[in-house]
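What you are looking at is a predicted structure, and each value in this text was computed from that prediction instead of being measured. Nothing fancy with the numbering, it's 1 onward along the sequence.
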Amino acid sequence: MRPDWDNYFIEIAKVVSSRSTCLRRRYGAVIVNDRVIVSTGYNGSPRGLDNCVDVQKCKRIEMNIPSGERYELCEAVHAEQNAIINGSPERMKDAVIYIAGFENDGKFADAPPCKLCYRMIRNAQIKVIIYLKNDGSVVRMKL
């Protein structure tokens, strides 16, 4: 069966997440305008720094820090941030961002953007956020 556009781009975000270099969770983001991919991004260390998966070390895991807390201890750039950094500002205006995530055990992770990513998405003038929930359903948020 042919997927609708939202499911098509969520599936692409899932594949993008496979490039993640994070030991805790893998996230992928795809920015789309007029059904054309503008940019993609996944979570991981900034360019030029060692990746957590390569050194097999995560400060937040070592300190048992819960999800959503103490981001300052993490070197990673979020998938949404990387997609915005890699995209053209003109093409992101009025676009849609699709976000998918996986726990380290392969189960779906809730993928709503954090507060900082939400502000960056708004600043990029993206108009819709579509993300995957941990139960596999898809949520659409108009901005």
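In D105, the CG atom is crowded: over 12 heavy atoms of neighbouring residues, nucleotides or ligands sit closer than 6.0 Å. Shown here is D135, whose CG atom has more than 12 heavy atoms of other residues, nucleotides or ligands within 6.0 Å. Within 6.0 Å of CZ on R19 lie no more than 12 heavy atoms contributed by other residues, nucleotides or ligands.
By the 4.5 Å heavy-atom criterion applied to side chains, V53 and L23 are counted as neighbours. Side-chain contact check for C74 versus K59: every heavy-atom pair is 4.5 Å or farther apart. Side-chain atoms of F102 and K14, non-hydrogen and from C-beta on, do get closer than 4.5 Å to each other.
Closest heavy-atom contact between Y27 and G101: CD2-CA, 3.4 Å. In terms of heavy atoms, S17 sits closest to R26 at O-CB, 3.5 Å. Across all their heavy atoms, F108 and K133 have their closest contact at CB-O, 3.7 Å. Considering all non-hydrogen atoms of both residues, S20 and N43 come closest at OG-OD1, 2.8 Å. Between I99 and A111, the shortest heavy-atom contact is CG2-O, 3.5 Å. Among all heavy-atom pairs drawn from E62 and K57, the shortest one is OE2-CG, 3.2 Å.
N82 and Y42 are not linked by any side-chain donor-acceptor pair at a separation below 3.5 angstrom, with hydrogens and angles left out of the test.
A continuous path of Ile, Leu, Val, Met, Phe, Trp and Tyr side chains, each step under 4.5 Å between heavy atoms, connects I31 with I129, placing both in one hydrophobic cluster. Transitive grouping of hydrophobic side chains (ILVMFWY, heavy atoms separated by less than 4.5 Å) brings V30 and L132 into a common cluster. No path of Ile, Leu, Val, Met, Phe, Trp and Tyr side chains, each step under 4.5 Å between heavy atoms, connects I85 with L49, placing them in separate hydrophobic clusters. Following chains of ILVMFWY side-chain contacts shorter than 4.5 Å, one cannot reach V32 starting from I126, and the two form parts of different hydrophobic clusters. Two different hydrophobic clusters hold I12 and M92 under the rule that ILVMFWY side chains link at heavy-atom gaps under 4.5 Å.
Aromatic ring pairs are classed by plane angle as parallel below 30°, tilted from 30° to 60° and perpendicular above 60°; the pair W5 and Y8 is perpendicular. Taking the six-membered ring where the residue is Trp, H78 and Y71 present perpendicular rings, their angle passing 60° and hence far from 30°.
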